[in-house]
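Report on the following structure.
Predicted model, so just to flag it, every value in this text is computed and none were measured.
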Amino acid sequence: QVRVVESGGDLVQPGGSLRLSCTASGFGLEYYAIGWFRQAPGKEREGVSCLSNSDGSTYYADSVKGRFTVSRNNAKNTVYLQMNSLQPEDTAVYYCAAGLVFPTSAAQALDGNEYDSWGQGTQVTVSS
């Protein structure tokens with residue numbers, strides 16, 4: 001059974017950094033695209049980043065480009081989302097999801113409907 005679990009959410013001050021982890025079980029990460037999504041109160045879910053399963057390409061939402069970096073550790077079957085220069089507008093519940101996506105565009109990579117298995121979410125709060 002494909003399963004992903006997020007961790008690493010916390011309260012951080014503006015300008016600070018956090019690293020979220022998405023640990024997979026039941027499958028090898030190299031076969032699935034891993035997407036990161038977030039949802040703030042009263043807002044729709046937003047695609048943040050994707051690590052592609054086709055060629056290892058990475059995709060980012062414009063709102064996080066240059067600040068967030070997605071990476072993978074195959075030995076630990078874990079994908080990381082390094083978040084730097086965090087701002088209050090980054091406050092949200094962050095989810096990782098796995099899917100046999102093989103994205104060919106950022107729009108596809110960051111579309112939550114392309115993913116099948118979702119974690120429970122981890123809260124990120126950016127506040128002074």
Are [X] and [Y] packed together at the side-chain level, in the sense that at least one heavy-atom pair is separated by less than 4.5 angstrom?
X    : Y    : value
S127 : L11  : yes
V64  : S49  : no
L100 : F27  : no
L20  : T122 : yes
R67  : D90  : yes
P14  : P88  : yes
Y60  : T69  : yes
V124 : L18  : yes

Has the side chain of [X] got a donor or acceptor atom that lies under 3.5 Å from a matching backbone atom of [Y]?
X    : Y    : value
T78  : K76  : yes
R38  : V93  : no
N77  : G26  : no
Q120 : E6   : yes
T91  : V126 : yes

Answer yes or no: are there more than 12 heavy-atom neighbours, outside [X] itself, under 6.0 Å from its atom [atom1]?
X    : atom1 : value
E44  : CD    : no
R45  : CZ    : yes
F102 : CZ    : yes

What's the separation between atom [atom1] in [X] and atom [atom2] in [Y], rounded to the nearest 0.5 Å?
X   : Y    : atom1 : atom2 : result
Y95 : C22  : OH    : SG    : 13.5 Å
E46 : Y94  : CD    : OH    : 7.5 Å
S17 : Q82  : OG    : CD    : 5.5 Å
C50 : E114 : SG    : CD    : 9.5 Å
D55 : T58  : CG    : OG1   : 9.5 Å

- Message: Whether the Q1 and S25 side chains hold a donor-acceptor pair (N or O, under 3.5 Å, no angle test) is what I'd like checked.
- Response: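 No pair is found: no donor N or O on one side chain lies under 3.5 Å from an acceptor on the other.
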- Message: Testing the 3.5 Å rule here: is there a donor-acceptor pair between the side chains of Q123 and T125?
- Response: yes
- Looking at the rings of F68 and W36, which for Trp means the six-membered one, are their centres under 6.0 Å apart? no
- Message: Counting the benzene-type ring for Trp, do Y115 and Y32 have ring centres under 6.0 Å apart?
- Response: no
- ILVMFWY network linking V101 to F37, side-chain heavy atoms under 4.5 angstrom: yes
